Amino acid sequence: MNILDIIYDKVPKALKALYDMDMGSENLIINVTKKEFEGDYTVVTFPFSKQAKKRPDQIAEELGVYLIENVEEFTKFNVIKGFLNLSVSDEYWKTFLADVLTNETFGESKKNGKKALVEFSSPNTNKPLHLGHIRNILLGWSTAKILEKAGNDVVKTQIINDRGIAICKSMLAWQKFGEGKTPQSEGIKSDHFVGQWYVFFETKFKVEYAKWQESDAAKSLLKEKEVKEENVIEFFKKYKNEYFNKYSQLGAEAKAMLLKWEDNDKEVKDLWNKMNGWVYEGFETTYKNLGVHFDTLYYESDTYLLGKDIINEGLEKGTFYKKEDGSVWIDLESEKMDHKLVLRSDGTSVYMTQDIGTAKVRYEELGTEKMIYVVADEQNYHFKALFAILDKLGEPFAKGCHHLSYGMVNLPSGKMKSREGTVVDADDLMAEVIKEASDAATEIGALAGIPKEEQEEIFRQIGLAALKFFIIKVNPKKSMIFNPAESVDMQGQTGPYVQNAGVRCRSILRKLGEYDKGLIAQYSDIKEPEKELLQLIHSYPEVVRDAAEDYDPSHVANYCYALAKNFHKFFNSGLSVIRAETEDAKSFRAALTESTLNTLASSMDLLGIDIPERM
RNA sequence: GGUCCCGUAGCUCAGUUGGAUAGAGCAACUGACUUCUAAUCAGUAGGUCACAGGUUCGAAUCCUGUCGGGAUCACCA
């Protein structure tokens, strides 16, 4: 039995026996004892004081005596004010170590029979992936892994936003100015190729718009709106969308193309398929390089009409109401929100409509009662409303929906802006971190004797570890500052630092060869650095559970760092494994090293990070 | 303006079901490689936990207000 379970079980019993108190285990406060005090676990006794009618330190004293007498795992205790510090026997820790060594599913929870869907990435198909997508993808991937470890059956998916005006802009630009060029003919990664045409469209549009601003139509508009001289620039900035829809030649052509697409026009559909095909090919490469994949895909072109029938049903049941102009709404004031549109007056759907429909389809197709949407925090309100609507519709999966909201990724210079060309491209970024890893490795020279191909793979693993760890270690809901220089750091609180701990484990175990696991129990007098490592390993399953419960991979990243740090400390503490003072010590430390490696590998895998054989 | 999120060391971040003297890394400085990988370790220095009240044995953590930053409040996606 796990020592924490024992504490949670025995302390209430002790309180009952000593003071005739009924204290549920959920009200106990148990901490790992702070380093500066003796002991392994601490029971906080202040909360018992009122009921027991005694001073906290007195209770701690009496509780300590009782626990030592009645629980064999406890060997001694000390009391400081209302803190009861309990020491756990070496026997317990040695048994734990021997068990964990052979436990291949350590950290995993039993299957809970629940199916969870994690949706992440979900890009538009008009331009390549960038740093914002990377945060999204890493969070999604890691969350999926964590949920899996916590006992869920997980389906990883993305909804690809493959239709709409954006892709039409790329298509139109290529059609008008592309002269039949292809990614192959230009030697450009195919999603970047499509992105260039999107940018090209925007450039052309900008020119057109600037020219129009000098026209009579624009001047009379300014007069009509009574725009002051000094506000003209500001006005046109805001007016851009309306210009696009009302006056723009290019805008009209793009919209005409969208209409043709909706009409299933063969020529447009062919073009659409061609360009999206290029984009998917490029995305595939990026995902592969990043080390992620999906179990199933959804395309907006398939789902964008979903949800209408649900709206109509809900209309009959009175969940929604219709305005005079024919638009359909829902009143969310009871949820402290607004009235929300779910169907336009012309009967076409909005984003909300298809999200309602898609959620239901997924539930029906996949049986996923948990659905996690990894989407930036600018859509907090949208998802709050979506989940409230699903709940009002009485959907059984509504309560299992969760918006894993994450903050924007900013640069030290400020926001990323496509207009100013400061958007950090995903492919460039990965290439950059891998190159940095390669440079650092060359400088150190530890990989000199290894075949080129293996070296390349290790550089990739290290570079990506730096990038991934840098991003995942930050609490998702916080917006983060991405400093490119720091993201390629390989020292300190970084991915490579954690990898290095694992590599050191591997190196020791490789040199040591076989060892006698039967001697673990013979080791006497566990030293402080050994104990700290053991306790950390011991807490791994709890970390996974917490991370799954909070949908927060940063917990796992912080755990990885703590474990690596403690191993490095142990490694430098003078407690040698290979040259241990006795065979017992050698066996114990080898087992400790192996368990550390296994736990590091397992926890880093939850972040999508590999631990190389050497570095 | 309404709603939501954030504010912790020079910088980047941990720590929030309320617990002991608030922790790491980077940057700076000092020391440790003929010793299991120095991408490491040991140490020095760095704090009004935005501010002001409140709740209590105890507050970075909970409540109220103020200030600062962000997001959102479309028949856009």
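Since we're looking at a predicted model, the values are computed, not measured. Convention: sequence-line order gives letters A, B, ...; per-chain numbering from 1.
- Protein atom CG of A:N410 is 11 Å distant from nucleotide atom C1' of B:rA71, rounded to whole Å.
- Nearer to the 5' terminus of RNA chain B, by closest-nucleotide assignment, is the contact made by A:T45 (compared with the other of A:K340 and A:T45).
- As a whole-Å value, the separation of A:I29 CD1 from B:rU17 P is 10 Å.
- Comparing B:rA22 with B:rA38, their P atoms are spaced 34 Å from each other, to the whole Å.
- Exactly one residue among A:L592, A:L519, A:T582 makes a side chain to side chain contact (heavy atoms under 4.5 Å, CB included) with A:S587. That residue is A:L519.
- Contact between A:M337 and A:A388 at its shortest, heavy atoms only, is CE-CB, 3.8 Å.
- Residues A:E432 and A:K435 are not paired through a salt bridge, judged by the lack of any N-O separation under 4.0 Å between the basic side chain and the carboxylate.
- The partner of B:rA42, taking Watson-Crick or G-U wobble pairs whose two distances both stay under 3.5 Å, is B:rU30.
- The same atom, P, is picked in B:rA32 and in B:rA59; the two are 45 Å apart, to the nearest Å.
- Within the cation-pi definition used here (under 6.0 Å to the ring centroid, within 45° of the axis), A:K169 qualifies as a partner of A:F244.
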N/O to N/O distances under 3.5 Å, protein versus nucleotides 38-42 of chain B:
residue	atom	partner	partner atom	Å
B:rA38	OP2	A:R504	NE	3.4
B:rA38	OP2	A:R504	NH2	2.2
B:rA38	O5'	A:R504	NH2	3.4
B:rA39	O2'	A:N500	OD1	3.1
B:rU40	OP1	A:G492	N	3.1
B:rU40	O2'	A:R504	NH1	2.8
B:rU40	O2'	A:N572	ND2	2.8
B:rC41	OP1	A:Y497	OH	2.5
B:rC41	O4'	A:N572	ND2	3.0

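- Taking the six-membered ring for Trp and thresholds of 30 and 60 degrees, A:Y239 and A:Y247 have ring planes inclined between 30 and 60 degrees apart.
- Atoms CD1 (A:I472) and P (B:rA14) sit 13 Å apart, rounded to a whole Å.
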For a side chain to side chain contact (heavy atoms under 4.5 Å, CB included) check, start with the C-alpha distance between A:L386 and A:I356, then their side-chain angles and the critical distance, and finish with the verdict. CA-CA 7 Å; A:L386 172 65; A:I356 294 167; 3.7 Å; yes
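- Between A:M490 and A:A440 the shortest heavy-atom distance is CG-CB, 4.5 Å.
- Within the structure, every side-chain polar atom (N or O) of A:R614 is placed at least 4.0 Å from both OP1 and OP2 of B:rC36.
- The CZ atom of A:F83 sits 4 Å away from the C1' atom of B:rA20 (whole-angstrom rounding).
- B:rG19 and B:rG65 have their C1' atoms separated by 27 Å, given to the nearest Å.
- A distance below 6.0 Å separates the ring centres of A:F205 and A:Y243.
- Nucleic acid contact for A:N566: none, since no nucleic acid atom lies under 4.0 Å from a heavy atom of the residue.
- Looking at A:S554, its side chain has no donor and acceptor atom pair within 3.5 Å of the base of B:rA14.
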Restricting both atoms to N or O, compile the protein contacts to nucleotides 56-61 of chain B shorter than 3.5 Å, with distance only.
none

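- What separates NZ of A:K34 from C1' of B:rU21 is a distance of 7 Å, to the nearest Å.
- Here the shortest heavy-atom pairing between A:I167 and A:T125 reads CD1-O, 3.5 Å.
- Taking atom CZ of A:F469 as the reference point, atom C1' of B:rC26 lies 14 Å away to the nearest angstrom.
- As rounded to the nearest Å, B:rU21 and B:rG58 have P atoms that lie 13 Å from one another.
- Judged by Watson-Crick or G-U wobble contacts below 3.5 Å, the nucleotide B:rA52 has B:rU64 as its partner.
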Pairwise N/O distances under 3.5 Å, protein to nucleotides 11-13 of chain B:
residue	atom	partner	partner atom	Å
B:rC13	OP1	A:I481	N	2.9

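- Of the candidate nucleotides B:rC36, B:rC73, B:rA20, B:rC73 has the atom nearest to the side chain of A:D338.
- For the pair A:R163 and A:Y304, the cation sits on the ring face: its NZ or CZ lies under 6.0 Å from the ring centre, inside 45° of the axis.
- Using a 4.0 Å heavy-atom cutoff across all strands shown, A:E300 reaches sugar-phosphate atoms only and no base atom.
- Between A:H382 and B:rC76 there is no side-chain N or O to OP1 or OP2 distance below 4.0 Å.
- Annotation: B:rG46 and B:rG23 have their C1' atoms spaced 13 Å apart (nearest Å).
- Judged by the 6.0 Å and 45° rule, A:K517 forms a cation-pi pair with A:Y515.
- Within the 4.0 angstrom heavy-atom criterion, no nucleotide atom of any strand lies near A:H403.
- For B:rA71, the paired nucleotide is B:rU3, the pair qualifying as Watson-Crick or G-U wobble because both relevant distances are below 3.5 Å.
- With respect to A:M604, the side chain to side chain contact (heavy atoms under 4.5 Å, CB included) criterion is satisfied by exactly one of A:V556, A:I609, A:L563: A:I609.
- Separation of the C1' atoms belonging to B:rA60 and B:rA20 is 15 Å when rounded to the nearest angstrom.
- B:rG54 and B:rU61 are spaced 14 Å apart, taking the P atom of each and rounding to whole Å.
- Rounded to whole Å, the separation between the C1' atoms of B:rA9 and B:rA50 comes to 14 Å.
- Counting non-hydrogen atoms under 4.0 angstrom, A:R579 reaches the backbone sugars and phosphates but no base.
- Across all strands shown, the partner of B:rA24 is B:rU12, judged by Watson-Crick or G-U wobble contacts whose two distances both fall under 3.5 Å.
- Along RNA chain B, the nucleotide closest to A:E378 and the one closest to A:N78 are compared, and the more 5′ of them pairs with A:N78.
- For the pair A:D550 CG and B:rA14 P, the interatomic distance rounds to 13 Å; values are reported in whole Å.
- For the pair A:E335 and A:K384, the salt-bridge criterion is not met [side-chain N within less than 4.0 Å of a carboxylate O].
- Considering all non-hydrogen atoms of both residues, A:F283 and A:P128 come closest at CE2-CA, 4.1 Å.
- Protein atom CG of A:D552 is 13 Å distant from nucleotide atom P of B:rU17, rounded to whole Å.
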